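Values in this document were obtained by computation on a predicted structure and should not be read as measured data.
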Amino acid sequence: MEKEQEWFTNVPTDELIGIFNSLRHTDENKEIYTPRKEQQECIDAMSEYFDNNPNGRFLLNCKMRFGKSFTTYKYCEDHNLERILILTFIPAVESSWREDLRHIKKNYRYFTDDNLRRSDFMLSFIQDPYVLFLSLQNYLGKEKNADVKTKIQQLQNIDWDLVILDEYHFGAWNQRTQGTLKVKEEKSEDLDSNYQEQLKKTGDIIQKFNIKTKQTICLSGTPFKALARGEFTGKSSFTYSYFDEQRNKYPNSDKDDFSVVNPSYAAFPDMKIFGYNMSRLFGNLTASVFSEDRLLTKKYFSLNKFFETRQENNPNEPCAFIYEDEIKKWLEIIKGRSTFGDKFPYSNPQMLQNNVHTLWLMPTVKSCKAMEKLLKADEYFSRYQIINLSQDGVGAGNDAYEYLMNGITESENTNKLGSIAITVNKLTIGVTVKKWSSVFVLKDLASPEQYFQAIFRIQTPYVVNGVIEKKDGYVYDFNIDRASALLLKYAEQSENEQTTKLQIAKLIVKYMPIFVNGDMSDPISEQVFYELAQYGDSSGIPLSRKITDTTKTTRMLDEETMAEMLNDKEVSDIIKRVFAHAKFGKTKTRTVPAKPEDGVDTKI
């Protein structure tokens, strides 16, 4: 006898999708996670803070791939929070918030803007615990629109247990911050330009929309501006950096022993940076492509100028690189087909095996188009699937993500060597692409936030059937002097205030080794890194070009560099101690060595 069945007709598609997703999050479809040690510590810190500050605001200052959405959900479950509103500044992060509900025991219904725009959907009628995920891009600056106004009124009618502000660093970039920074940050391709202008004019989002909430949690991997403004204290924030993760992964690393690996962290790839000096490769262009960085107050070989197109100066010109011949030569160099040898990404076998699916960061949309054309015309690179994320028609957010994943799948189904995704900054914030294992930095990134948001796209764990498919994430940076300065600034903002710059430099080279000019045998020492970061280029010749011994520091002779060193209290104290000892050991005769051609003695 057939079991009785009940049929429904004329059910709206979005309602069916909502029912389907609710069923996915029932007990039989869940995979419950146990919080890692640092995630539990974060939950405990939030609990203690909100016990003492019932209407407070807490910051999760945690590295990309920490598991911020799961950790926040676990806190909600532990405290039986029923009504949760997630407001994100970046629309592409929605999938992780939906999926992570599968990893806690408590059942929440999950709604988005698709539900809220329905005329028959009323938040106030929902009795079950629920999460509402909204992208601020659909609301900010559109408050006068009748439909948007109605939706905002629904938000205002709820007494929220918790409001979560996701990707908070993007929201922190507002008018209050603009005047305090020396650099102009590039606009995000993932976000509508009008929305980005509105962000600059907007203060507190919760106050602006008059939302009532008991608690607020802000999430970010790079909240440096908010911290610099003093928005959060040690008690109202929890910090977990890449360096903390590495210490957990290698429990004996404080003794320089990396042989023991904590299995709970084994899947998190180690980051390695390979720095190349473009002045060494293209010495004939040094004068025309050097520029002074306003944030770091140094001169650098400008990748933005090197990869500039003719069309950017004259719209009637073709979309081709100004230095197209040199860039074609650069493509030959990175394939190991030049007099510079084979220590390059597409010639060194160890690097090559990590470069199956890569991300290339370009300065402009036009430079992406010009690079796509060159790669597709190249005999070798045409064997890769070239995915230009910045071209017209790709879209943003989830549309761009689907375009990328379709391209990667196509590369695997058509026996390509792999894929190369080209972008200005699309899909470089809040997006998980497990198969990306290397990133090429071919632009002058404006700040530590941008740099780390971009390069940490490749640090997502990639495990298939229990096998770790990605052990390392490779960063190929063709402006290593400038990259070192950004690395030092990032680490300074990630560690506590008591840590000195030299200690931070040692931390970086220990857990994020830097290899100069393709030499994989020996990473640079903390002294060399410190000089790269602090005194990168004062004579027109990058320090990375002057280095011959990567294990020791380089002696600098130019007056500008000495002045900078003496202005740094820590370095100045060291120099004074050196001179205090030196005066007791004067030699009777003085020999003046011959001055090298570049004005710098590279021998120690």
Side-chain angles (χ1 to χ4, degrees), residues 18 21-22 24-27 29-36 38-62 66-89 93-113 115-116 121-136 154-168 171 204-207 209-220 232 235-238:
N21 284 324
S22 295
R24 289 176 68 205
H25 297 141
T26 55
D27 290 343
N29 292 303
K30 293 198 170 194
E31 182 185 0
I32 305 303
Y33 286 174
T34 300
R36 296 192 306 273
E38 67 276 6
Q39 290 173 331
Q40 188 58 55
E41 289 172 354
C42 181
I43 294 166
D44 294 342
M46 286 190 282
S47 300
E48 181 178 353
Y49 173 77
F50 285 120
D51 282 346
N52 296 316
N53 303 272
N55 301 112
R57 178 175 291 209
F58 192 89
L59 170 69
L60 268 67
N61 172 20
C62 301
F66 171 81
K68 293 185 280 291
S69 53
F70 163 71
T71 302
T72 307
Y73 277 153
K74 190 70 177 76
Y75 167 79
C76 295
E77 177 184 54
D78 289 352
H79 294 269
N80 201 31
L81 303 186
E82 302 278 297
R83 295 173 178 80
I84 302 163
L85 173 62
I86 303 170
L87 299 175
T88 181
F89 293 91
V93 301
E94 190 264 339
S95 59
S96 63
W97 284 105
R98 182 189 297 274
E99 288 302 312
D100 278 346
L101 283 175
R102 295 181 56 244
H103 305 313
I104 60 172
K105 293 178 181 178
K106 187 178 177 70
N107 291 322
Y108 286 95
R109 298 183 70 183
Y110 185 85
F111 303 112
T112 67
D113 194 57
N115 301 100
L116 205 56
F121 181 82
M122 295 295 293
L123 281 171
S124 56
F125 291 173
I126 301 170
Q127 299 300 312
D128 298 327
Y130 66 86
V131 172
L132 175 62
F133 178 95
L134 299 177
S135 169
L136 283 167
Q154 283 217 56
L155 304 182
Q156 294 169 340
N157 291 335
I158 302 296
D159 289 323
W160 298 96
D161 293 319
L162 173 66
V163 171
I164 299 166
L165 299 178
D166 195 18
E167 301 295 345
Y168 186 67
D204 188 279
I205 290 292
I206 294 176
Q207 290 180 5
F209 290 130
N210 195 25
I211 295 171
K212 301 184 292 291
T213 180
K214 297 182 179 70
Q215 301 174 2
T216 304
I217 295 177
C218 304
L219 311 183
S220 176
F232 302 94
K235 291 183 179 180
S236 63
S237 63
F238 179 85

Inset, instruction - Can you label the angle between the Phe232 ring and the Tyr168 ring as parallel, tilted or perpendicular, going by 30° and 60°? - result: perpendicular

Inset, instruction - Say whether, by atom type as modelled, one donor and one acceptor occur between the side chain of His103 and the main chain of Glu31 under 3.5 angstrom. - result: yes

Inset, instruction - Examine the side chains of Asp100 and Ser69 and answer whether a donor and an acceptor come within less than 3.5 Å of each other. - result: yes

Legend entry - Inter-residue atom distance Gln156.CD - Phe209.CZ, 0.5 Å rounding: 9.0 Å

Legend entry - Donor-acceptor contact present, side-chain Arg83 to main-chain Val131, <3.5 Å: no

Inset, instruction - Hey, can you tell me if Tyr49 and Phe58 have their rings parallel, tilted or perpendicular (30° and 60° cut-offs)? - result: tilted

Inset, instruction - With rounding to the nearest 0.5 Å, note down the distance linking CG in Leu134 to CG in Asn115. - result: 9.5 Å

Legend entry - From CD1 (Ile217) to SG (Cys76), nearest 0.5 Å: 6.0 Å

Inset, instruction - Please check if atom NZ in Lys212 has more than 12 non-hydrogen atoms from other residues, nucleotides or ligands closer than 6.0 Å. - result: yes

Legend entry - Reported CZ-to-CD1 distance for the pair Arg109 and Ile126, which is rounded to 0.5 angstrom: 6.0 Å

Legend entry - Among Tyr110, Tyr108, Tyr73, the one residue meeting ring-ring contact (aromatic ring centres under 6.0 Å, His included) with Trp97: Tyr73

Inset, instruction - Please answer whether the main-chain N or O of Phe66 pairs with a side-chain N or O of Arg36 as donor and acceptor at a distance below 3.5 Å. - result: yes

Legend entry - Lys106 and Asn80 side chains, donor-acceptor separation under 3.5 Å: yes

Inset, instruction - Could you tell me whether the side chains of Asp44 and Gln40 share a donor-acceptor contact shorter than 3.5 Å? - result: yes

Inset, instruction - Would you check if there is a donor-acceptor pair between the side chains of Asn107 and Lys30 at a distance under 3.5 Å? - result: yes

Legend entry - Side-chain donor-acceptor contact under 3.5 Å, Gln215 with Tyr75: yes

Legend entry - Short side-chain to backbone donor-acceptor contact, Glu77 and Lys74, under 3.5 Å: no

Legend entry - Residue pair Ile84 / Asp161, side-chain heavy-atom distance below 4.5 Å: no

Inset, instruction - Keeping the roles fixed (side chain from Gln39, backbone from Thr72), state whether a donor-acceptor pair exists under 3.5 Å. - result: no

